[in-house]
Amino acid sequence: MRLRAVLGIGIGTFNVLVGGGKSILKNGPQTCKWRLQGRRQYSFLPDDVKSPRAVVNPDISKIRNIGIMAHIDAGKTTTTERMLYYSGYTRALGDVDDGDTVTDFMVQERERGITIQSAAVTFDWKKHRINLIDTPGHVDFTLEVERALRVLDGAVAVFDASAGVEAQTLTVWRQAEKHHVPCICFLNKMDKPGASLHFSIESIKKKLKANPVLLQIPIGSGKSFTGLIDLITNQQMTWRVKSRAEDGRVFETKSLSQSDDPELLQDAMEARAALIEQVADLDDEFAELLLGGYGENFDAVPPAKLQEAVRRVTLARKGVPVLCGSSLRNKGVQPLMDAITAYLPAPNERHHDLVRWYQDDLCALAFKVVHDKQRGPLVFVRIYSGTMKPQSAVLNINRNNTERMSRLLLPFADQHVEIPSLTAGNIALCVGLKQTVTGDTIVSSKASAAAAVRRAQKEGEGKMGGEQASLVLAGVEVPEPVFFCSIEPPTMSKQADLENALTCLQREDPSLKVRVDSDSGQTILCGMGELHIEILHDRIRREYGIETHLGPLQVAYRETILQSVATTDTLDRTVGERRHMVTVSVAVCPIMDSSSSSLTSCEITYDEEVEEQLSPDVRDAVENGVNSSYLQGPLLGYPVQGVSTMIQSVSMEPGTSLAMLSACVSRCMLKALRQAGGQVLEPVMSLEVTVGEEHLSSVLGDLAQRRGAIRDIQSRHDSKVLLATAPLAEMMGYSTALRTLTSGNATFSLQLDIYEAMNPQHQNALLNKMAGLA
Ligand SMILES: Nc1nc2c(ncn2[C@@H]2O[C@H](COP(=O)(O)OP(=O)(O)OP(=O)(O)O)[C@@H](O)[C@H]2O)c(=O)[nH]1
């Protein structure tokens, strides 16, 4: 089927660019129509938009930069689709199960029904501009969520109301907390037979340690879920949706006092009283208002005052508003959109320290790069101050280079509207920035950066850690990959094409690491999980036309040492006429931090006297030698972690080169690490399996064979939720195994818990396997 897009705006000139690089120019007030592959009708901008000026640059107080995040399959994409539809951006409802959603636009996303890349969509709702990012739920793509959260001002956490808080929700929730992002909870899937408001609220309290502020109660449950009571306004909203064909756009709103259901009325009154008491406990201003004028007469509390107080509570992150609905059945999404505008912060209500030094000059953060074959890299930026304009040069502070931006686009999922300028608070897409990568700070010029440095110095803060560093917005931390495998092109002639494809993919995805194995010369892909590597392999085939061969997936082990050891080594070599002679003594000792789940890095220290004697270039050469020995441990050649090295003495004969010094240090280190007793560290994953009771014992039996340790087994309606840890090496192909064991009636999520020392028996087995003896 074909898709027809209609752009219905009044004045001005817009370029509308379509995913595959098609470009259609629209001039003047007429309507522009064209055909694309697909089956949906789109209108790029809502019908009520009168002026392109309002479209391009809304008042900052009316902007909401929002993320939508959750455990896999909670319904983020379905909810986003409804928002786009009700806001007038799309003309038909997309369906994840039919593979025709706007935000899941990658082929792999549509085929698999999952979100892989976070997609930014812009739409207007009740005079507000909402920039919304639909983030992936699968743990392999956690970095995508982190990158999005870095630039968002608020988030909507979507839950499956029959499952409550699931494993990945916990991870993304912690990420949101780390970035101090205020949240709203949306209990989706209220139409499911097992959906429970009470259970979900309890699990938010218990697992997220959050303070849920219930703003709605559902009318009916499961299949008879028909609507909501809004506890702020005391209004009843009912959707008379009988079939999936009905779109839920129209719903009935009436005052609760007109309700003919006394039980519902009683429940609502109790819930509203509890809400008012809870908000009064959290917000002093509201408590004073209550004491001053209303006493126990909660009915008389004005909805506007209650709403203002809930907003303050949300922004202060003392509580999280909770709403409910069923996106698939088209119920409850419009009130959720109202809540986004009412409770989540505008960009100017968030505090960004260094932005004040730039004043009205441009300061933006690149948070995502997408590689487009026709247009080159497209860089997503969040503008923190100033105005961004196309056809202008900008300075990338991190790389200290000036680049020219050719065009500026507003992102409408895979389709983009070209705009003449964009102001602070917005999210935009820049074309033409070829050097910029994720995490870079972009400002207008060197002069503007220098002025910001002066302002910073005046305040006395810019000096700490170097002027430049303090003027850069914090990027995102990239987690260490846990899997790797070799990748080979079909023929050597395709090697250069493969390298180019990998360079482009790395710019898009910082969690992909590529290296060349020094022994075999093979290209190695390092990723976050089986699915991550599988998707990358598929993208290289589809997007770059290269049929590559992947080697077996291997676990990224680490090595450390068990004991402290001191050793000395001498290198005496004559090269040509020149004699190089150096003697080095080092001491290594283990540093294990059992309280931290992340890997302990290595460190280098010096004996006090030695430190004073060594010139800076000799120290550099010594440190090069130590660091090169950390790259490949003596046991299996995996990187070394958790070792502290002290340089005890360095004595060099005149004429010895620095390269020979590094070589001697490296050899001495290898000797010390070998003597110190090698220990393999393996990634251990935390696992959550939801399974029907009838399959529980077979799942437990299988986990026992995988060296799994059961932490807890909880009941959730008719299912059991099994919490366990298991070494990553034993979890290869687990999704297929679980499917077979349970006939497809189980779900699981897996994420890195900790790097743990292998016990001697398993370590020996691994060493034998690697040596080809087992
Ligand atoms: N019963 C019911 N099913 C729903 C509802 N919302 C979504 N679903 C279904 O749940 C499945 C997952 O929906 P998605 O919208 O893809 O969920 P997601 O959170 O975006 O998933 P990922 O992007 O893969 O993390 C699909 O089969 C949807 O049809 C709902 O309100 N009720």
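Values below: all heavy atoms of this structure, side chains included; hydrogens, waters and symmetry mates excluded. Both ligands and their constituent atoms are indexed starting at 1 by order of listing.
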- Query: When only distance counts, is Ala74 in polar contact with ligand 1, meaning an N/O pair under 3.5 Å?
  - Reply: yes

- Message: At less than 4.0 angstrom from any non-hydrogen atom of Gly75, what atoms of ligand 1 do you find?
- Response: 7 (C), 13 (O), 14 (P), 15 (O), 17 (O), 18 (P), 19 (O)

- Ignoring hydrogens, just give me the one of Glu81, Lys189, Met190 whose non-hydrogen atom is nearest atom 4 (C) of ligand 1. Lys189

- Heavy-atom check, side chain of Asn131 versus side chain of Ile66, under 4.5 Å: no

- For ligand 1, which atoms, with element, lie under 4.0 Å from some heavy atom of Ser326? 30 (C), 31 (O), 32 (N)

- Taking side chain as C-beta onward, heavy atoms only, is Tyr734 less than 4.5 Å from Asp702? yes

- Query: Just heavy atoms, cut-off under 4.0 Å: does Asn188 contact ligand 1 by side chain, backbone, both, or neither?
  - Reply: side chain

- Task: Output the list of atoms in ligand 1 that are nearer than 4.0 Å to some heavy atom of Thr77, sorted by atom number.
- Result: 15 (O), 18 (P), 20 (O), 23 (O)

- The atoms of ligand 1 lying under 4.0 Å from a heavy atom of Lys192, numbered in the order shown, are 1 (N)

- Message: If we ignore hydrogens and angles and just use 3.5 Å, is the side chain of Arg350 paired with the main-chain N or O of Gly154 as donor and acceptor?
- Response: no

- State, without any angle test, whether Lys720 and Thr690 hold a side-chain donor-acceptor pair at a distance under 3.5 Å. no

- With atoms numbered from 1 as shown, which atoms in ligand 1 lie under 4.0 angstrom from a non-hydrogen atom of Asp191? 1 (N), 2 (C), 30 (C), 31 (O), 32 (N)

- Query: Counting only N and O atoms by type, is there a donor-acceptor contact under 3.5 Å from the side chain of Lys209 to the main-chain atoms of Lys206?
  - Reply: yes

- Message: Geometry only, no angles: is Arg329 polar-contacting ligand 1 at N/O separations under 3.5 Å?
- Response: no

- Query: Any sub-3.5 Å donor-acceptor pair from Gln334's side-chain atoms to Gly248's backbone N or O?
  - Reply: yes

- Task: May I ask whether Ala70 places a heavy atom under 4.0 Å from ligand 1?
- Result: no

- Where does the angle between the aromatic ring planes of Trp173 and Phe159 fall among parallel (under 30°), tilted (30 to 60°) and perpendicular (over 60°)? tilted

